[in-house]
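Some notes on the structure that comes next.
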Protein chains: 2
Amino acid sequence: MKEVNAALSGAKAKILKALAHQTRIYMVEKLSGGEKCVCEFVGETGLDFSTVSKHLAILKDAGIVRDDKRGQKVFYSLKVPCITNFLGCIETIIKSNLEEQSSMFK
Amino acid sequence: MKEVNAALSGAKAKILKALAHQTRIYMVEKLSGGEKCVCEFVGETGLDFSTVSKHLAILKDAGIVRDDKRGQKVFYSLKVPCITNFLGCIETIIKSNLEEQSSMFK
DNA sequence: CGGTTATTTGGTTATATTACCAAATAACAA
DNA sequence: TTGTTATTTGGTAATATAACCAAATAACCG
């Protein structure tokens, strides 16, 4: 692969890798409804505080979310709205996959 | 996390994981211009035949591409056009990240 | 200040991913 | 049939990820 292409695909892969985890997808979808603090995700997911914090750090490092410390709490919010549309395309794929699977039994 | 949410986010994660690799992103982008055989990707990427084949199998398993064997060759093509739009959103993020980085030096 | 809450950081272990090589399969050509 | 090309499959070693625990940091409260 040419170096230019490799660099660009690599940059895209970094962002996709940040999204490619069950918990982080859940977080991004929740954040499309507005900012949330770390503690809210801890309550909802049942994961350790440190685990949640690390997931959010990955999203932040990729440029998908931003953080805002107010008092003792850190609030995270979506930085890039188009992510939400993107996840719509993923749902299209899931539906299409399900239809194919069920048509195998006809 | 509730089981329903976990299952749905998990299904989405599977598809995103399939996309989350430099080589596979490159492949998907190339395929948006039309079908290609495995051998073409081998030539372009410089990777081993087996490696390329496995990457394509991951995309196929996720429902992103389909394959079509004709003669000795196997042609892969995009199954879901919206993937291309999605990658546009990723580029938005990359640009925004670059702008932030450069503004640090002002 | 001392205690509590919210969050991050560092360390460790388990699991997943990736790339290569070698071998198996499949279609075609001589 | 034998050889060649295209592709997949299986195995292995290196690297990356993810979850938890413990400890560090930071802000607030009494």
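The model shown is predicted, which means the values in this text are computed figures rather than measured ones. Chain A is the first sequence line, chain B the second, and so forth, proteins listed ahead of strands; every chain is numbered from 1.
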Whole Å only: how far is the [atom1] atom of [X] from the [atom2] atom of [N]?
X	N	atom1	atom2	answer
B:Lys54	C:dC21	NZ	P	12 Å
B:Ile58	C:dT17	CD1	P	8 Å
A:Asp48	C:dG10	CG	C1'	13 Å
B:Phe75	C:dA27	CZ	C1'	13 Å
B:Glu40	D:dT5	CD	P	18 Å
A:Asp67	D:dA26	CG	P	15 Å
A:Tyr26	D:dA18	OH	P	18 Å
B:Leu16	D:dT17	CG	C1'	16 Å

Looking only at the side chain of [X] (C-beta and beyond, no hydrogens), which of the listed nucleotides [options] gets closest?
X	options	value
A:Cys39	D:dT8, C:dT8, C:dT7	C:dT7
B:Thr51	C:dA19, C:dA6, D:dT7	C:dA19
B:Lys73	D:dC20, D:dT9, D:dA6	D:dA6
A:Phe49	C:dT7, D:dC20, D:dT9	C:dT7

Ignoring backbone atoms, test whether [X] places a side-chain nitrogen or oxygen under 4.0 Å from the OP1 or OP2 oxygen of [N].
X	N	answer
A:Ser53	C:dT8	yes
B:His21	C:dA19	yes
A:Arg24	D:dA18	yes
A:His55	D:dA19	yes
A:Tyr76	C:dT8	yes

- Message: If you assign each of A:Lys69 and A:Lys17 to its closest nucleotide in DNA chain C, which residue comes earlier from the 5' end?
- Response: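 This one resolves to A:Lys69.
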- Message: Judged by each residue's nearest nucleotide on DNA chain C, which is more toward the 5′ side, B:Leu47 or A:Ser50?
- Response: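 Per heavy-atom nearest nucleotide, the more 5' residue is A:Ser50.
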- Spacing of B:Thr51 atom OG1 and B:Leu56 atom CG [to the nearest 0.5 Å]: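 That separation rounds to 11.0 Å.
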- Does the pair B:Arg66/B:Asp68 count as a salt bridge with the N-to-O cut at 4.0 Å?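 Looking at B:Asp68 together with B:Arg66, the answer is no, because their closest N to O distance does not fall below 4.0 Å.
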- Before accepting this row, confirm whether a basic side-chain N of the pair B:Glu40/B:Lys30 lies closer than 4.0 Å to the acidic partner's carboxylate O.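 The answer is no: the pair does not qualify as a salt bridge.
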- Task: Evaluate the ring planes of B:His55 and B:His21, with Trp represented by its six-membered ring, and classify them as parallel (under 30°), tilted (30 to 60°) or perpendicular (over 60°).
- Result: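 B:His55 and B:His21: tilted rings.
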- Message: Quick check on DNA chain D: between A:Gln72 and A:Thr23, whose nearest nucleotide comes earlier from the 5' end?
- Response: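 Upstream on the strand: A:Thr23.
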- Message: With a 4.5 Å cut-off on side-chain heavy atoms, are B:Met27 and B:Val52 touching?
- Response: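 Yes - at least one pair of side-chain heavy atoms lies under 4.5 Å apart.
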